[in-house]
Amino acid sequence: MMHLTQIKIISTGKYVPKKILTNGDLEKMVETSNEWIVSRTGIKERRIAEKESATDMAYFAALDALGQSKLNKNDIDLIIVASITGEQMTPSVANHVQKMLNIKHCMSFDVNAACTGYVYALEVAASLIQSGSYKHALVIGSEKLSNVLDYTDRNTCILFGDGAGATIIQKSENHQAYFYNQSKGDETDALTVKKYIKMDGRKVFLFAVDVMKKSIVKILDDAQLTIDDIDVIIPHQANLRIIQSVAKSLQIDLDKFEINLQNYGNTSAASIPIALDEYAKKNKQAKNVLLVGFGGGFTWGSAILQIN
Ligand SMILES: CC(C)(COP(=O)(O)OP(=O)(O)OC[C@H]1O[C@@H](n2cnc3c(N)ncnc32)[C@H](O)[C@@H]1OP(=O)(O)O)[C@@H](O)C(=O)NCCC(=O)NCCS
């Protein structure tokens with residue numbers, strides 16, 4: 001099944017906490033080394049939220065996206081936040097963001113699809129806008145993963161960081177946005193969060209390479225485009241070796257991928273919107289972007305849409 005909507009991204013924003021946790025810092029906390037982390041993952045440092053909650057970071061990213069747009073905050077009538085690290089079961093992070101922005105009339109809710117959450121949220125928002133019931137959606141990925149990391153477990157604590165990215169989308173008859181999101185329920189133990197993140201790293205790695213390749217091929221096929229029509233691929237920022245494997249096997253130049261995981265590690269649902277924002281701020285011309293993600297569940301997905 002192909003999912004086509006007529007929407008475009010009109011602005012992006014991000015927020016990352018100031019505190020930097022380097023590989024050198026982690027060497028003092030667990031039995032690891034900068035050399036191991038860089039060679040196995042590409043990650044050099046990550047941000048850690050001290051005072052900020054996932055809600056605070058979502059709000060700050062939303063302010064940035066609103067500031068980049070010509071909209072008034074009351075033009076927003078839909079807020080969807082992708083997060084697995086909100087402070088409360090309810091109200092949702094999105095409800096809190098609505099309150100902090102003081103938006104009176106709007107639907108707001110969270111989506112939990114782990115690291116694929118932002119791509120899922122974008123598809124849901126695009127569908128609701130396509131229905132004609134909503135005009136401007138704020139779609140946010142925000143995570144405070146430091147809250148669910150066991151800093152004595154070297155298998156996981158070196159990989160993740162905190163941050164938030166936000167996007168505003170609206171209907172546009174001249175633009176076409178394609179979505180492909182999937183999940184499978186038979187691998188629910190491979191990556192879980194109860195108190196802490198637990199993960200079968202090798203299994204996740206193999207799964208990630210496989211579904212990223214399939215998701216890129218599928219969405220290009222749906223859109224009847226080739227990789228040359230795409231200006232940038234924004235992948236989920238989990239591990240440089242995963243992205244390198246995908247690039248090599250699909251024979252795509254690594255330069256086509258926006259990569260910032262060296263600075264932030266894996267920020268789960270925030271990773272794609274943060275990278276998208278950094279790309280958008282560097283490249284002001286209208287661009288065809290391909291998003292591709294994967295995560296616990298397992299979940300995975302991709303999208304092709306236009307920005308600006
Ligand atoms: C986690 C990951 C980096 C591990 O890399 P890897 O090359 O697969 O390494 P392995 O799991 O084979 O472990 C190799 C060895 O390094 C050790 N090791 C694990 N973490 C380490 C660390 N931080 N520092 C030093 N050694 C470490 C392991 O204990 C293992 O030792 P052993 O051979 O004595 O048992 C990699 O599997 C990965 O990135 N997986 C995907 C994770 C992911 O993306 N998760 C998020 C999904 S949204």
Side-chain angles (χ1 to χ4, degrees), residues 21-46 82-85 111-121 141-163 165 181-184 187-194 196-215 234-247 257 259-262 264-275 291-302:
L21 186 70
T22 65
N23 292 347
D25 296 329
L26 285 163
E27 282 176 356
K28 295 175 201 138
M29 297 160 70
V30 286
E31 188 65 38
T32 191
S33 67
N34 177 52
E35 195 281 325
W36 193 96
I37 300 173
V38 172
S39 64
R40 299 294 178 112
T41 72
I43 299 166
K44 294 182 178 158
E45 56 188 43
R46 66 289 290 143
S83 184
I84 56 168
T85 48
V111 162
N112 174 344
C115 300
T116 322
Y118 171 78
V119 191
Y120 269 54
S142 182
E143 300 286 11
K144 185 168 178 170
L145 293 167
S146 57
N147 267 357
V148 291
L149 283 174
D150 174 358
Y151 283 99
T152 64
D153 176 11
R154 69 178 183 174
N155 291 302
T156 52
C157 73
I158 56 134
L159 295 173
F160 298 93
D162 300 336
N181 278 302
Q182 293 285 295
S183 59
K184 71 207 282 289
E187 293 285 4
T188 45
D189 293 336
L191 177 50
T192 60
V193 185
K194 280 194 181 119
Y196 295 126
I197 295 180
K198 298 265 179 244
M199 186 183 68
D200 180 340
R202 289 218 64 77
K203 190 180 264 184
V204 175
F205 192 103
L206 295 172
F207 154 77
V209 173
D210 182 47
V211 295
M212 278 179 83
K213 285 192 310 200
K214 285 182 183 152
S215 302
I234 315 270
H236 174 44
Q237 310 281 320
N239 184 321
L240 182 59
R241 282 162 53 223
I242 292 175
I243 300 171
Q244 284 169 332
S245 290
V246 171
F257 291 78
I259 298 172
N260 65 8
L261 60 83
Q262 64 281 3
Y264 306 124
N266 179 346
T267 56
S268 190
S271 98
I272 291 176
I274 291 174
L291 316 179
V292 59
F294 61 91
F298 284 137
T299 55
W300 66 97
S302 54

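Atoms within a ligand are numbered from 1 in the order they appear, just like the ligands themselves.
- Thr85 contributes no side-chain N or O that, together with a main-chain N or O of Leu145, makes up a donor-acceptor pair within less than 3.5 Å.
- Looking only at heavy atoms of the protein, atom 11 (O) of ligand 1 is closest to Arg202 CG, 3.9 Å.
- Counting only heavy atoms of the protein, atom 14 (C) of ligand 1 lies nearest to Arg40 NH1, 3.6 Å.
- Numbered from 1 in the order shown, with element, the atoms of ligand 1 that lie under 4.0 Å from a heavy atom of Arg241 read 5 (O), 7 (O).
- The contact set between ligand 1 and Thr41, taken as ligand atoms under 4.0 Å from a residue heavy atom, comprises 3 (C).
- Heavy-atom contacts of Asn266 reach the following atoms of ligand 1: 46 (C), 48 (S) (cutoff under 4.0 Å).
- Less than 4.0 angstrom separates atom 2 (C) of ligand 1 from none of the non-hydrogen atoms of the protein.
- Protein heavy atoms come within 4.0 Å of atom 6 (P) of ligand 1.
- Here the protein heavy atom with the shortest distance to atom 19 (C) of ligand 1 is Asn155 OD1, 3.2 Å.
- To the nearest 0.5 Å, atom SG of residue Cys115 and atom CZ of residue Phe160 are 6.0 Å apart.
- Below 4.0 Å from some heavy atom of Ala238 lie the following atoms of ligand 1, by number and element: 44 (O).
- Side-chain contact between Ile43 and Ile158 is absent, with no heavy atoms from C-beta onward closer than 4.5 Å.
- The protein atom (non-hydrogen) at minimum distance from atom 20 (N) of ligand 1 is Trp36 CH2, 3.4 Å.
- For ligand 1, the atoms closer than 4.0 angstrom to any heavy atom of His236 are 48 (S).
- Atom 33 (O) of ligand 1 is not flagged as protein-proximal [any protein heavy atom, distance under 4.0 Å].
- Here the side chains of Met199 and Asn155 are not in contact, with every heavy-atom distance at 4.5 Å or above.
- Judged by distance alone, with hydrogens and angles left aside, the side-chain atoms of Arg154 form no donor-acceptor pair with the main-chain N or O of Val30 at under 3.5 Å.
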Derivation of the side-chain contact (heavy atoms from CB on, under 4.5 Å) call for Ile84 and Glu143: CA-CA 7 Å; Ile84 56 168; Glu143 300 286 11; 3.4 Å; yes
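- Residues Asn266 and His236 have side chains in contact (heavy-atom distance under 4.5 Å, counting atoms from C-beta outward).
- Between atom NZ of residue Lys44 and atom CG of residue Asn34 there is a gap of 8.5 Å, rounded to the nearest 0.5 Å.
- Each of the atoms 48 (S) of ligand 1 lies under 4.0 Å from some heavy atom of Cys115.
- At the shortest separation from atom 43 (C) of ligand 1 among protein heavy atoms lies Val204 CG1, 3.7 Å.
- Using a 4.0 Å threshold on non-hydrogen atoms, atom 9 (O) of ligand 1 counts as touching the protein.
- Backbone and side-chain nitrogen or oxygen atoms of Asn239 are examined, and one is located within less than 3.5 angstrom of a nitrogen or oxygen of ligand 1.
- Checked against Arg46 for a side chain to side chain donor-acceptor pair (under 3.5 Å), the options Asp162, Asn23, Thr22 give a single hit: Asn23.
- Separation of atoms CD1 (Ile197) and CG (Asp153) is listed at 9.5 Å; rounding is to 0.5 Å.
- Not a single protein heavy atom sits closer than 4.0 Å to atom 30 (C) of ligand 1.
- Protein heavy atom closest to atom 45 (N) of ligand 1, with residue, atom name and distance, is Met199 SD, 3.1 Å.
- Against a heavy-atom cut-off of under 4.0 Å, Phe294 is close to the following atoms of ligand 1: 47 (C), 48 (S).
- Contact annotation: for Glu31 versus ligand 1, heavy atoms closer than 4.0 Å belong to the backbone alone.
- Thr32 OG1, 2.7 Å is the protein heavy atom nearest to atom 24 (N) of ligand 1.
- Rounding to the nearest 0.5 Å gives a distance of 11.5 Å between CG of Leu26 and CH2 of Trp36.
- Remark: minimum distance from atom 41 (C) of ligand 1 to any protein heavy atom is reached at Gly201 O, 3.5 Å.
- Ring planes of Phe298 and Phe207: parallel class, angle under 30° (limits at 30 and 60°).
- Of all the atoms in ligand 1, the ones that sit under 4.0 Å from a non-hydrogen atom of Leu191 are 47 (C).
- The shortest side-chain heavy-atom distance between Thr299 and Tyr120 falls under the 4.5 Å cut-off.
- Proximity of Ser146 to Tyr151: side-chain heavy atoms (C-beta onward) are separated by under 4.5 Å at one or more points.
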